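Predicted, not measured: the structure shown is a model, and the values here were computed from it. When reading the values below, keep in mind they use all heavy atoms of this one structure, side chains included, and skip hydrogens, waters and symmetry mates.
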Amino acid sequence: MTTGEKIAMLRKGNNITQEHLAELLGVTRQSVSRWEMDLAFPETEKLIRLSRLFSCSIDYLLNEVISKDLQDNVTVSADTCVAFIRECGFFFLATSAEGQPRLRPLGMICTDGRKLFLATDSRKSVCMDLDNNRKVELASFHPVSRKWIRISGTAERDSQPVSRELVLSAYPTLLQKYPEGQEMFLAIYGIHIRKAEIL
């Protein structure tokens with residue numbers, strides 16, 4: 001997957017238009033379009049900003065990091081988990097409610113390098129499920145490699161300002177969804193990874 005294809009995939013996976021991404025980076029929409037078509041290449045400063053915006057490494061944007069991890073079958077780190085899921089575009093979260101399994105598609109996930117963070121709305125039933133039973137599993141399918149990632153661990157609601165800042169910097173569109181006065185509905189959960197494997 002080329003750098004341009006990764007930028008396009010990450011942008012779409014975060015529901016960001018080319019215009020909005022251009023505005024966030026201080027470039028024209030045409031520049032973003034040219035990057036995504038591999039007709040031009042982002043400057044170093046823009047690559048740094050893209051990596052922060054999408055919570056991925058610059059190496060990921062430039063190299064075939066995920067493909068190498070898949071081939072070598074190395075230990076799956078939190079960074080690799082997030083990069084894999086972002087390439088897929090979404091993931092499934094499995095929880096348990098009243099002794100019954102529940103499966104939901106979600107899209108917002110990032111990492112601090114140690115654990116995963118997901119964002120949802122505190123008014124949704126997924127929050128009650130996570131608060132009542134902390135054991136979770138996440139899974140995502142990569143359509144190009146035809147591989148699955150499966151992650152199991154425990155979820156814990158995280159109200160630390162640093163975690164909130166991490167999620168908001170990874171998904172700036174959340175600021176539009178939760179304007180001032182409604183930010184109390186943004187629920188962030190940290191996932192402590194017990195096991196992660198790519199199959």
Side-chain angles (χ1 to χ4, degrees), residues 1-16 35-36 38 42 47-48 50-97 100-120 126 129-130 133-158 163 166-167 169-171 174 187-199:
M1 185 176 277
T2 67
T3 297
E5 289 170 334
K6 289 178 183 178
I7 292 170
M9 181 205 58
L10 290 166
R11 176 182 62 75
K12 291 172 187 173
N14 286 281
N15 296 317
I16 299 175
W35 296 343
E36 292 183 357
D38 291 308
L47 283 170
I48 293 168
L50 283 165
S51 74
R52 288 181 183 155
L53 178 66
F54 295 129
S55 291
C56 64
S57 69
I58 294 173
D59 279 347
Y60 167 74
L61 291 171
L62 298 177
N63 302 313
E64 295 295 328
V65 175
I66 297 304
S67 298
K68 182 182 184 308
D69 284 352
L70 291 175
Q71 291 165 4
D72 295 349
N73 200 21
V74 297
T75 303
V76 183
S77 68
D79 289 328
T80 300
C81 289
V82 168
F84 185 101
I85 291 170
R86 286 190 168 215
E87 275 202 22
C88 299
F90 66 95
F91 63 96
F92 292 98
L93 174 70
T95 61
S96 176
Q100 297 297 315
R102 296 187 79 172
L103 191 65
R104 298 173 177 84
L106 294 174
M108 296 186 190
I109 192 163
C110 59
T111 182
D112 63 359
R114 295 175 295 116
K115 61 183 174 180
L116 308 177
F117 293 90
L118 62 88
T120 188
V126 66
D129 293 351
L130 290 170
N133 186 340
R134 296 176 51 213
K135 292 182 181 177
V136 296
E137 286 199 355
L138 290 76
S140 193
F141 178 71
H142 194 289
V144 177
S145 68
R146 313 225 19 103
K147 300 250 183 191
W148 283 90
I149 191 166
R150 186 170 179 177
I151 305 161
S152 59
T154 55
E156 185 173 17
R157 199 181 288 228
D158 192 325
S163 304
L166 175 73
V167 171
S169 66
Y171 295 97
L174 285 171
I188 298 167
Y189 286 86
I191 308 292
H192 298 274
I193 302 170
R194 184 177 58 82
K195 184 177 180 183
E197 56 187 343
I198 295 173
L199 311 165

Which atom pair, heavy atoms only, marks the closest approach of [X] to [Y]?
X: Thr3; Y: Leu61; answer: OG1-O, 2.7 Å
X: Leu103; Y: Phe92; answer: CD1-CB, 3.8 Å
X: Ile48; Y: Ser51; answer: O-OG, 2.8 Å
X: Asp79; Y: Gly113; answer: OD1-CA, 3.8 Å
X: Pro42; Y: Ile7; answer: CG-CD1, 3.9 Å
X: Ser163; Y: Ile188; answer: O-CD1, 4.2 Å

If you define the side chain from C-beta out and look only at heavy atoms, does anything of [X] sit under 4.5 Å from [Y]?
X: Ile193; Y: Val76; value: no
X: Lys6; Y: Glu87; value: yes
X: Ile16; Y: Phe54; value: yes
X: Lys147; Y: Phe141; value: no
X: Leu10; Y: Leu50; value: no
X: Leu116; Y: Cys81; value: yes
X: Arg104; Y: Asp129; value: yes

Main-chain N/O of [Y] paired to [X] side chain as donor or acceptor, under 3.5 Å:
X: Arg86; Y: Met9; answer: no
X: Thr95; Y: Val136; answer: no
X: Asp112; Y: Lys115; answer: yes

* To do: Check salt bridge (Lys or Arg N to Asp or Glu O under 4.0 Å) between Arg52 and all other residues, then give those that pass, not counting sequence neighbours.
  => none
* **By salt bridge (Lys or Arg N to Asp or Glu O under 4.0 Å) - contacts of Arg194 (at least two apart)** =>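 None.
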* Where do Ile109 and Ile191 land on the side-chain contact (heavy atoms from CB on, under 4.5 Å) test, with the steps shown first? -> CA-CA 10 Å; Ile109 192 163; Ile191 308 292; over 6 Å; no
Counterpart residues, side-chain contact (heavy atoms from CB on, under 4.5 Å), relative to [X] (two or more places apart):
X: Ala187; answer: Thr120, Ser122, Cys127, Arg157, Tyr189
X: Ala8; answer: Glu36
X: Glu137; answer: Ala94, Arg150, Ser152
X: Leu174; answer: Met108, Ala119, Val167, Leu168, Tyr171, Tyr178, Leu186

